[in-house]
Number of protein chains: 2
Amino acid sequence: MRRAAHQPRRTIADVARAARVHPSTVSRALNDGAVLRDETRKRVVRAARRLDYRPSAVARSLRLQRTLTLGMLVPDIANPFFPPIIRGAEDVALSCGYALVLCNTEDVPEREATYLRVLRQRQVDGLLIASSRMSDAVITRLRRERFPFVLVNRSARGAELTVTVDNRRSAAEAVGHLAALGHRRVGHIAGPQSTTTGLERAEGARLAIGRHGLAADAALWIEATAFSEEEGYRCARVLLALGRRPTAIFGANDLIAVGALRAIRDARLRVPEDVSVVGFNDIRQAELLEPPLTTVHVPQYEMGAAAARLLIARLGGDPIPESHLVLPATLAVRASTARASSAAGVA
Amino acid sequence: MRRAAHQPRRTIADVARAARVHPSTVSRALNDGAVLRDETRKRVVRAARRLDYRPSAVARSLRLQRTLTLGMLVPDIANPFFPPIIRGAEDVALSCGYALVLCNTEDVPEREATYLRVLRQRQVDGLLIASSRMSDAVITRLRRERFPFVLVNRSARGAELTVTVDNRRSAAEAVGHLAALGHRRVGHIAGPQSTTTGLERAEGARLAIGRHGLAADAALWIEATAFSEEEGYRCARVLLALGRRPTAIFGANDLIAVGALRAIRDARLRVPEDVSVVGFNDIRQAELLEPPLTTVHVPQYEMGAAAARLLIARLGGDPIPESHLVLPATLAVRASTARASSAAGVA
DNA sequence: CGCCGCACGGAAATCGATTGCACGGCACGC
DNA sequence: GCGTGCCGTGCAATCGATTTCCGTGCGGCG
């Protein structure tokens, strides 16, 4: 069946005909710096422009065995943490001549698998993986098949190339900040412990709790099933309902912290007077919340950009050694944290 | 130069060899329902599975002259209005076997042009355009070349396929809501009048102002240079600095409204007691603001999904007639609007 | 018993670009 | 004056799949 041609696409043969040369000459004139009479090249270039010739990326991909396309797996584009990361990756990709195919995995294994299949079938040259839950098995398989990929904001046993922040350290710093403000009972709404970020931040928090001699009450630790506002809200309500409620809450990410903020407000308590709140990631909205959220600033854009750069370098062929980039993250202290009032902390 | 093969990709020839048939037979067995002995098909399928054969989408695209890929142009993925639209489009695309290439144009003409070139070079089958500023000239050109595309949340003279909401009507409804609450001086922070959404919403607002006999003071109308929070903040400050300031502000979108919210707070005024605020779009965060924002609810996910469906139908070959889908948008009344206090309105 | 048609599957063209190889011509050196 | 080498370009193979066109063999029907 003949498909309706929306546009009478020009092929290299058309240009060749117009310039009265062989197709191969057209290719050479337009691509490499092969030896070519200047006049010939000029003629070809003119013909190409006149015909509005755009070489077919598909045909070229087939021949060159590379598509100049990167795949990017993200759990959820609607989570404000990711757009800046994506933008960073996109900008770098574009400037290097790569296109980016974005995929929302929703952290659902089947969707991940589907997308992985689709992307590899489409022969993307490499993968940026920000999907936090993707199992180590999948990662290991990619590794085994020597498929180029970079992990963003997560790590995994099998990964050679990662771009992250020091979650442990920053989480400890966040809790340390609360301790310095005099808080003794600090609640932690941990992220899913199936994710490296959730895990590491919880470890950091625990570490700091020990180091500063804070209350080690197990009831102060609760694991969210997702990095979402809803979960933050739910978990915060549990913490607030405790006989001796925490005077501060450290959420594993900003969305969780925002949920906590709402829960606190709904409990007719004030932030930060009654309960201080700290988040993680510093999404754009964090600063604009009421009150502005104290949180760990993560250089999101730079993270995406760095990951893309790393991946593209890897694709360049230079055998990159293991490379685990750890970007600096620093605590941004805002108005959602304050000195612990002695009145708080009792039921 | 031979590139390092990350994976020993299986080709149709490998499968053919393994199944002891001709490559064409493999293709038939795996694709169409051509007449094939059941036993042969079984043998091929088994061989394919055993070899983990995945047909090259690149080769197939070349032959079929279609890539099963859609391009999507969005001004800014970090604007929370767009992610749900993208998700809608992505879900539909995926379920129809299409991939989606996402591009942030930043509403910058050069970037749009660049992406347009890249996308067409890559032979995407069609385009979803949510980039609000793209000039009519570009649109017309696409139309002339019969390149399939659908406009999302915007219109243009040359466009056959669009998915929008009735901006005029909804804007009028928003202002009508304020009038019903007794507001006489309603300020409008209009979006860029170079965009159809900005234009239509301003028209709707003006219409309602006339219809309800509200103050037609030109000073109450101000045009933002972008649909951003910063611009909303800046413009709101101008409005609040007026001798007789408005008792209500209608922002052309939620980000502008959020900026206004901040400006009002910074001016030591209260929302909604001193100034009511209405937005447009109902981004997810609108409901969670303090106070929750009254705004026009736009079915974002459905908008993206509908656009993708429309585009894919168009690609299906059925000659779709002009089709301008207008999705229903309704005012979501929340706590950022209240009756006008008689005290307000004077300097 | 012979012919027709159909089911099956192989051969080869095709999609559009890249690239190693070869060839014609010209310049230069011996 | 002829061989050598290089420059510029054409030729043809190639990438991996799809699809049209045939050839073969078998069965049914007249």
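In what follows, chains are A, B, ... by sequence order, proteins preceding strands, each numbered from 1.
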Is A:Arg309 paired with A:Glu302 through a side-chain N to carboxylate O contact shorter than 4.0 Å?
yes
Any N/O donor-acceptor pair, A:Arg60 side-chain to C:dT18 base, under 3.5 Å:
no
Is the shortest side-chain N to carboxylate O distance from B:Arg9 to B:Asp14 below 4.0 Å?
no
Sub-4.5 Å side-chain heavy-atom contact between A:Arg133 and A:Pro192
yes
Using C1' atoms of five pairs at each end, report the bend of the helix from C:dC1-D:dG30 to C:dC30-D:dG1 rounded to 10 degrees.
60°
Given C:dG9, D:dT9, D:dT19, identify the nucleotide with an atom nearest to the side chain of B:Leu64.
D:dT19
A:Glu160 and salt bridge (charged side-chain N to carboxylate O under 4.0 Å, His left out): which single residue from A:Arg146, A:Arg314, A:Arg143, A:Arg144 fits?
A:Arg143
NE2 of B:His22 versus C1' of D:dC21: gap in Å, rounded?
13 Å
Have a look at A:Val58 and say if it touches a base, only the backbone sugar-phosphate, or nothing, with a 4.0 Å heavy-atom cut-off.
nothing
Non-neighbouring partners of B:His324 that pass side-chain hydrogen bond (donor to acceptor under 3.5 Å, both in side chains), sequence neighbours left out:
B:Thr162, B:Glu322
Any donor-acceptor pair under 3.5 Å joining the side chain of A:Arg54 to the base of C:dG16?
no
Indicate, yes or no, whether a donor-acceptor pair under 3.5 Å links the base of D:dC11 to the side chain of A:Ser24.
yes
Rounded distance (Å) that lies between atom C1' of D:dT19 and atom CG of B:Leu62
14 Å
Using whole Å, report how far CZ of A:Arg63 lies from P of C:dG20.
8 Å
Side chain of A:Ala59 (C-beta onward), nearest among D:dT9, D:dG10, C:dG16:
C:dG16
Which part of the nucleic acid does A:Ser56 contact within heavy-atom distance under 4.0 Å: base, sugar-phosphate only, or nothing?
sugar-phosphate
Which whole-number value in Å describes the distance from B:Gln65 CD to C:dA13 P?
19 Å
Answer yes or no: side-chain N or O of B:Arg41 and base N or O of C:dG9 forming a donor-acceptor pair under 3.5 Å.
no
